[in-house]
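To start, the structure under review is shown below, and the notes come after it.
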Amino acid sequence: MLQVNFIRENKERVLAGLKTRNYAGARLEIVDQVLALDDRRKSTQTELDTILAANNKLSKEIGGLYKAGKRTEAEGLKAQVESQKGKVKELESAMRQIKEDLTNGLLEIPNVPNPKVPAGNTDEDNEVLQDWAGDLPDMGDKAQPHWELGEKYNLFDFGLGAKITGAGFPLFRGKGARLQRGLINFFLDEAHKAGYEEIIPPLLVNEDSARATGQLPDKEGQMYHATKDNLYLIPTAEVPVTNVYRDVIINEKDFPIKMTGHTPCFRREAGSYGKDTKGLNRVHQFDKVEIVQIVHPEKSYDVLQEMLNHVEGLLQKLELPYRILTLCGGDLGFTSALTYDFEVYSAAQKRWLEVSSVSNFETYQSNRLKVRYKGADKKTHLAHTLNGSALALARIVAALLENNQTEEGIKLPKALHSYVGMEVIC
RNA sequence: GGAGGAGUGGCAGAGCGGUUGAAUGCACUGGUCUUGAAAACCAGCAUAGGCGAGAGUCUAUCGGGGGUUCGAAUCCCUCCUCCUCCGCCA
C-alpha cells in the first residue's frame, strides 16, 4: 500500500494515477477519506500521548513517595491517575478503530502508475513496446493445437488430472514430464548465471505473507485456502520468496538482492470459465520460475530493464516468436507501478499467449512488507521490489509444441537438448 | 498427538513489580594515537508514531494479543515459535 505521507504530499499524482486506472466519481473520494482519517489519527494520538505522559510522570512520583514513606500523598496521586483511566481506554479504542479504518482505506488505493503506463481499459489497450520483427510462423491448416499434440505424443493427460483432482489440473507424463523438468532446470540455471540465489520456499503461506505481497485482500478469491490451518496455497513464488525479506532492514551495500525460485502455482481462476481455458492456456496448477529483486529506489527502473533483458534472452534461446507489451492502466495489476508482459506466438492457435509479467512495485509492496534499508543519511527508507516470471511453464510448453511440430515430431530448440535429454519428441 | 523447558537490542547475555528503552561483552560507526594497520582509549549505535523550522521532546514496543496494577521486560490469561523427552511416521 501507499504511505499516507506520500499521498498527502502527492495528492494530485495519486488522483491522476487513479484516473489512469479508470477510477472516476465517487471512487476517487477514497483519497480524501484516507487523508481525513489520518488527520484524526494524529489528533487522537496527540490527545492520548498527553494524558499518558502526565500519568507516567505521576506514577514515577508515586514510586518516590512510597519510598519516602509518604503514603497519604501517594494515595492522592493514585486517585488522580485512576480518574484518567476511562479516558485512556476510550482514546485507545478510538485509536484502534481509526487505524483499522485507515489501513482498510489504504488497501483500497492501488499503486500509482508510472507515467509510461498508457491509458486504457482492457488488455486490448495494452501498448506494443516491441513487436516481433520477423515473420510469424505459418504452419498451415494442418497445424495441431498443443492439446492434440499432447495426446498424440502422450505428453500430458487432462482426463487423468480431472479424475485425480478436477478440471484444470493437468497431469504430465513421459516425455511431457521430462520436458517440464528440463525447462525448469534450464530456467533455474539461467537465473543462477544471472546472479540470482535459488530459493525453494514453502508452497503454503500464512496470512501475514499473503497480505505483505498484496494477494490479500485483493486476490483473496483467487487463492486456494487451507482453512483448517489458515494457510494459502501460493499463486506464485513471488509470495514466499519476497517474504524472505519481510520486516528486514537491509544493509545498503547488500543491494541488489536477487532471488529466484521454481514452484508450482495454484490459482482458482474463479470467473474465467470458457474463454482461454482450453488445454494449457489457463490451468489451476502450473509450474513457474520466478525472479525477484529488492533494490535501491534509484536503481529500480534500470533493474526492471535488466529483468526484461533476462526474460527476452530466455525466449531467444527457446527460439520462440515474442513481443513485449506495456500494460495499460486498466490492465495493470493493483500493486504494480509498471508492468511489461511477454507474449509468445502460438502458431496453431494463431494467437499470442502471455508467458511472463515483469513488474516494478516501487515501494507499494515494501511498505507492507516493511522491507527497508539504511541510507547514507542513516535513516531507514523503503526499498523497491520487482519480480517477473522467467518463465511460466504451461504456456511455454504449449507454444513449443505448436511452433515446432513437424512430420517427424516436435523439434526442440538447441538450448533444451541436453536439459530434456532429446532433440525431438516423437 | 502427549509431557516439560524457553523466547530480551545485529549476536551473546543480565534484569524477574518502581526514573530500565533496558547492565555487560562482542560486532558495527566516528574520533584520538600511528608512516599505515592492529592494540589501547573516548564517543556513538533499535523501530514506529505525535508535536516542533530545528535542537529536541513526548508516546508505544523486551515473540503476538489481552488482562491485573498508580506503575509490568518482570504477575495472570491466550496464541505463536523454538528446544528436550515420549508416541506416530515419509
Side-chain angles (χ1 to χ4, degrees), chain A residues 1-9 34-107 200-212 216 226-232 240 243-255 257 294 363 365-383:
Chain A
M1 56 191 179
L2 296 173
Q3 298 175 98
V4 198
N5 285 339
F6 175 85
I7 298 175
R8 191 179 294 283
E9 286 157 25
V34 158
L35 291 178
L37 274 168
D38 192 47
D39 286 337
R40 274 184 60 206
R41 191 198 108 246
K42 285 184 187 177
S43 60
T44 310
Q45 174 92 70
T46 305
E47 198 182 343
L48 177 62
D49 282 358
T50 308
I51 298 176
L52 287 177
N55 285 357
N56 284 346
K57 195 159 168 259
L58 288 174
S59 291
K60 281 177 186 170
E61 282 176 32
I62 291 169
L65 289 172
Y66 268 117
K67 270 189 187 157
K70 298 176 178 168
R71 291 195 77 87
T72 336
E73 279 181 56
E75 295 295 333
L77 291 184
K78 263 197 198 181
Q80 206 177 322
V81 177
E82 203 158 10
S83 70
Q84 294 296 315
K85 277 185 126 181
K87 186 75 184 162
V88 168
K89 279 243 156 84
E90 194 184 301
L91 285 170
E92 278 176 345
S93 101
M95 199 65 189
R96 254 195 298 275
Q97 188 60 50
I98 292 167
K99 278 186 177 169
E100 196 187 316
D101 293 346
L102 181 59
T103 304
N104 288 338
L106 286 171
L107 288 175
I200 301 182
L203 304 181
L204 286 97
V205 294
N206 59 30
E207 231 179 288
D208 286 344
S209 295
R211 198 177 304 284
L216 287 179
T227 52
K228 203 160 187 176
D229 297 294
N230 196 23
L231 297 173
Y232 293 87
N243 268 281
V244 166
Y245 281 90
R246 168 152 53 91
D247 291 323
V248 172
I249 297 178
I250 296 163
N251 197 325
E252 204 176 0
K253 59 177 183 266
D254 291 333
F255 280 141
I257 310 276
I294 301 173
T363 59
Q365 269 188 336
S366 57
N367 188 33
R368 276 203 236 179
L369 282 157
K370 297 279 175 288
V371 186
R372 292 154 295 174
Y373 68 95
K374 266 221 198 305
D377 57 1
K378 307 225 168 173
K379 288 184 181 161
T380 56
H381 304 275
L382 293 173

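What you are looking at is a predicted structure, and each value in this text was computed from that prediction instead of being measured. Residue numbers begin at 1 in each chain, while the letters A, B, ... track the order of the sequences.
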(request) Would you mind reading off the distance between A/Asn251 atom CG and B/G10 atom C1', rounded to a whole angstrom? (result) 11 Å

(message) Return whichever of A/Gly64 or A/Lys253 has its heavy-atom-nearest nucleotide of RNA chain B closer to the 5' end.
(response) A/Gly64

(message) Rounding to an integer number of angstrom, what distance separates B/G2 and B/C75 when you compare their C1' atoms?
(response) 28 Å

(request) Give none if B/C11 has no partner; otherwise give the nucleotide forming a Watson-Crick or G-U wobble pair with it, both distances under 3.5 Å. (result) B/G25

(message) Does the structure show a Watson-Crick or G-U wobble partner for B/C41, both distances under 3.5 Å? Name it, or say none.
(response) B/G31

(message) Please report the distance separating the C1' of B/C77 from the corresponding atom of B/C85, rounded so that it comes out in whole Å.
(response) 27 Å

(request) Consider only side-chain N and O atoms of A/Ser366 and A/Arg372, and report whether a donor and an acceptor are under 3.5 Å apart. (result) no

(request) For the pair A/His381 and A/Tyr373, name the ring-plane relationship: parallel under 30°, tilted 30 to 60°, perpendicular over 60°. (result) tilted

(request) Would you mind pulling out the nucleotide paired to B/U74, Watson-Crick or G-U wobble, both distances under 3.5 Å? (result) none

(message) Please encode protein proximity along nucleotides 68-83 of chain B as a string of B, S and -, counting only heavy-atom distances under 4.0 Å.
(response) --BS------------

(request) Could you state the atom-to-atom distance from CG of A/Leu65 to P of B/G18 in whole Å? (result) 16 Å

(message) It should be established whether A/Arg96 places a side-chain nitrogen or oxygen under 4.0 Å from OP1 or OP2 of nucleotide B/G66.
(response) yes

(message) Between A/Met95 and A/Ala54, which residue's closest nucleotide on RNA chain B lies nearer the 5′ terminus?
(response) A/Met95

(request) Round to the nearest Å and state the distance from A/Glu252 atom CD to B/C28 atom C1'. (result) 16 Å

(request) Rounded to whole angstrom, note down the P distance from B/G63 over to B/A14. (result) 15 Å

(message) Under a 3.5 Å cutoff, is there a donor and acceptor pairing between the side chains of A/Glu75 and A/Tyr66?
(response) yes

(request) Find the partner of B/C85: check Watson-Crick (N1-N3 plus N6-O4 or O6-N4) and G-U wobble (N1-O2, O6-N3) distances, both under 3.5 Å, and reply none if neither fits. (result) B/G2

(request) Please measure how far the P atom in B/C42 lies from the corresponding atom in B/C33, and state the result in whole Å. (result) 16 Å

(request) Check A/Asn243 against A/Ser209 and note the closest heavy-atom contact, atom names and distance. (result) ND2-O, 3.0 Å

(request) Determine the contact category for A/Leu48: base if any of its heavy atoms lies under 4.0 Å from a base atom, sugar-phosphate if only primed atoms, P, OP1 or OP2 are that close, otherwise nothing. (result) nothing

(request) Find out whether A/Val371 and A/Leu382 are in side-chain contact, i.e. whether some heavy atom of one side chain is under 4.5 Å from a heavy atom of the other. (result) no

(request) Considering only atom P, compute the distance from B/C26 to B/A43 and round it to an integer number of Å. (result) 14 Å

(message) Checking the side chain of A/Asp247 only, and the main-chain atoms of A/Lys370 only, is there a donor and an acceptor separated by less than 3.5 Å?
(response) no

(request) Assess the side chains of A/Gln97 and A/Asp101: does a donor N or O sit below 3.5 Å from an acceptor N or O? (result) yes

(message) To check you understand the geometry: which heavy-atom pair defines the closest contact between A/Arg368 and A/Arg211, and what is its length?
(response) NH1-O, 2.9 Å

(request) Could you check how far CD1 of A/Ile249 sits from P of B/G9, rounded to whole Å? (result) 13 Å

(message) Out of the candidates A/Leu216, A/Asn206, A/Leu204, A/Thr227, only one should pair with A/Tyr232 under the side chain to side chain contact (heavy atoms under 4.5 Å, CB included) rule; please name it.
(response) A/Leu216

(message) Heavy atoms only, 4.0 Å cut-off, all strands: where does A/Thr380 land among base, sugar-phosphate and nothing?
(response) sugar-phosphate

(request) Please determine, for the side chain of A/Asp49, which listed nucleotide (B/A48, B/C58, B/A46) has the closest atom? (result) B/C58

(request) For B/G50, take OP1 and OP2 only and decide whether either is under 4.0 Å from a side-chain N or O of A/Arg41. (result) yes

(request) Rounded to the nearest angstrom, tell me the gap between atom CD in A/Glu92 and atom C1' in B/U59. (result) 11 Å

(request) Counting Watson-Crick and G-U wobble pairs only, both distances under 3.5 Å, name the nucleotide matched with B/G49, or none. (result) B/C58

(message) Measure NZ/A/Lys374 against C1'/B/G44 and give the value in whole Å, please.
(response) 13 Å

(request) Can you tell me, in whole Å, how much space there is between the C1' of B/A73 and that of B/U61? (result) 11 Å

(request) Take the protein atom CG of A/Asn5 and the nucleotide atom P of B/A48, then report the distance between them rounded to whole Å. (result) 13 Å

(request) Determine the interatomic distance between P on B/G44 and the same-named atom on B/G36; round to the nearest Å. (result) 26 Å

(message) Distance check needed: B/U61 P versus A/Lys99 NZ, whole Å only.
(response) 11 Å

(message) Using the P atom as the point on both nucleotides, what is the distance between B/A12 and B/C76, in whole Å?
(response) 26 Å

